[in-house]
Amino acid sequence: MDEAVASYSEHEDDVQTLLLDLQKILEYEKNKPNNEVSFAMWQVVTDKERNLLAGFLERWKEKNQLSKVFIGEAKGQVTEALDLIMKYEANKNKTNETTDS
């Protein structure tokens, strides 16, 4: 995200690779059993119409460059969302380990 101070075209290949990776994660989460909540969280992160990662990348593409202030604010939001997903998954895994024991 820090690279968004530069021209989008300089990083377009990297952005496309990241978007493809996000779609792979989304597809993986979609196909896991009993994973509706995690899948829903990843849908928000990967939605270009929302203000998280995919939305940030879309805005960069539209504007060509973004300010450091905007990037800093967006990074905080994206980081918080990804942290929530990781915490949820960690708790879900602990619950499964306890249940399976």
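Quantities reported herein were computed from a predicted structural model and do not represent experimental measurements. One is the number of the first residue; the rest follow in order along the sequence. Heavy atoms only: backbone and side chains are in, while hydrogens, waters and symmetry mates are out.
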- With rounding to the nearest 0.5 Å, note down the distance linking CG in Leu57 to CG in Leu52. 11.0 Å
- Task: Could you tell me whether Asp2 and Lys68 make a salt bridge, using a distance below 4.0 angstrom between a side-chain N and a carboxylate O?
- Result: no
- Item | Pair Asn35-Lys92, side-chain donor/acceptor within less than 3.5 Å | yes
- Message: Starting from Val37, can I reach Phe39 by hopping between I/L/V/M/F/W/Y residues whose side chains sit under 4.5 Å apart?
- Response: yes
- Message: Less than 3.5 Å apart, any donor N or O on the side chain of Glu27 or Asn31 sitting next to an acceptor on the other?
- Response: yes
- Query: Rounded to the nearest 0.5 Å, what separation is found between the CD1 atom of Ile85 and the CD atom of Glu29?
  - Reply: 8.0 Å
- Glu89 side, atom CD; Met41 side, atom CE - distance, nearest 0.5 Å: 7.0 Å
- Query: What's the spacing between His11 NE2 and Asp14 CG if we round to 0.5 Å?
  - Reply: 7.0 Å
- Message: My understanding is that only residues two or more places apart in sequence, or in another chain, count here; which of them pass ring-ring contact (aromatic ring centres under 6.0 Å, His included) with Phe70?
- Response: none
- Euclidean distance, Gln43 CD relative to Lys30 NZ, rounded to 0.5 Å: 8.5 Å
- Item | Non-hydrogen side-chain atoms of Met1 and Leu53 separated by less than 4.5 Å | yes
- Message: Tell me if a side-chain donor or acceptor on Gln65 pairs with a main-chain N or O of Val5 at a distance below 3.5 Å.
- Response: yes
- Report yes if the side chains of Leu82 and Trp42 come closer than 4.5 Å at any heavy-atom pair, otherwise no. yes
- Query: Between Trp60 and Glu3, is any pair of side-chain heavy atoms under 4.5 Å apart?
  - Reply: yes
